[in-house]
Amino acid sequence: MAKEKIRKTKDFNPNNCAVTHCVNIIGGKWKPVILFLIRNDKNRYSLLQKNIAEISRQTLTNQLRELEADGVIERIIYPEIPPRVEYKISEYGKTLLPIIDAMTIWGRKDMREKGINFK
């Protein structure tokens, strides 16, 4: 019998808070960044890893699996040799893009005010 990984925060929402529910799906250090990159055509594992140099391979794999399990992204496997895998944001995941957009706008504004260069 395969051991199923249980995510600690997945179902944690003691007060049925909408913000907690959202954070359970896209919260964490890397998920918003991953969604931002996939949306901007950095949709292959190697491109994601290159663009998030600080993330470990295991963490990237886990975050992608969680986003896929939650229906936020879709994993597309192309029957080629060598196999090619790409990720795309699902229709459900597209409903989260306004949140990612708001984070981008706020982050750029704050960085500009603090004199920090951004991409």
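All values below were derived from every heavy atom in this structure, side-chain atoms included, with hydrogens, water molecules and symmetry-related copies excluded.
Considering CD1 of Ile25 and NZ of Lys31, their distance stands at 8.5 Å, rounded to 0.5 Å. To the nearest 0.5 Å, the span separating CE on Met103 from CG on Leu35 amounts to 9.5 Å. To the nearest 0.5 Å, atoms CH2 (Trp30) and CG (Leu60) are separated by 10.0 Å.
Within the 3.5 Å criterion, the main-chain N or O of Val72 finds a donor-acceptor partner in the side chain of Ser90. The closest donor-acceptor contact from the side chain of Thr95 to the backbone of Tyr92 lies under 3.5 Å.
Inter-residue side-chain proximity for Thr59 and Gln63 is flagged as met; some heavy-atom pair is nearer than 4.5 Å. Here the side chains of Ile38 and Ile73 are in contact, with some heavy-atom distance below 4.5 Å. A 4.5 Å side-chain heavy-atom check between Lys88 and Ile76 finds at least one atom pair inside the cut-off.
Both Ile89 and Ile77 are part of a single hydrophobic cluster, where members link through side-chain heavy atoms under 4.5 Å apart. Residues Leu37 and Leu47 do not share a hydrophobic cluster, defined by chaining ILVMFWY side chains whose heavy atoms lie under 4.5 Å apart.
A salt bridge links Arg84 with Glu86; the closest basic N to acidic carboxylate O contact falls under 4.0 Å. Between Arg65 and Asp70 no salt bridge is recorded (no basic side-chain N to carboxylate O distance below 4.0 Å).
Closest heavy-atom contact between Tyr45 and Tyr87: N-CE1, 4.4 Å. Across all their heavy atoms, Leu48 and Lys42 have their closest contact at CD2-O, 3.1 Å.
At a cut-off of 3.5 Å, with distance as the only test, a side-chain donor of Gln58 or Asn62 sits close to an acceptor on the other residue.
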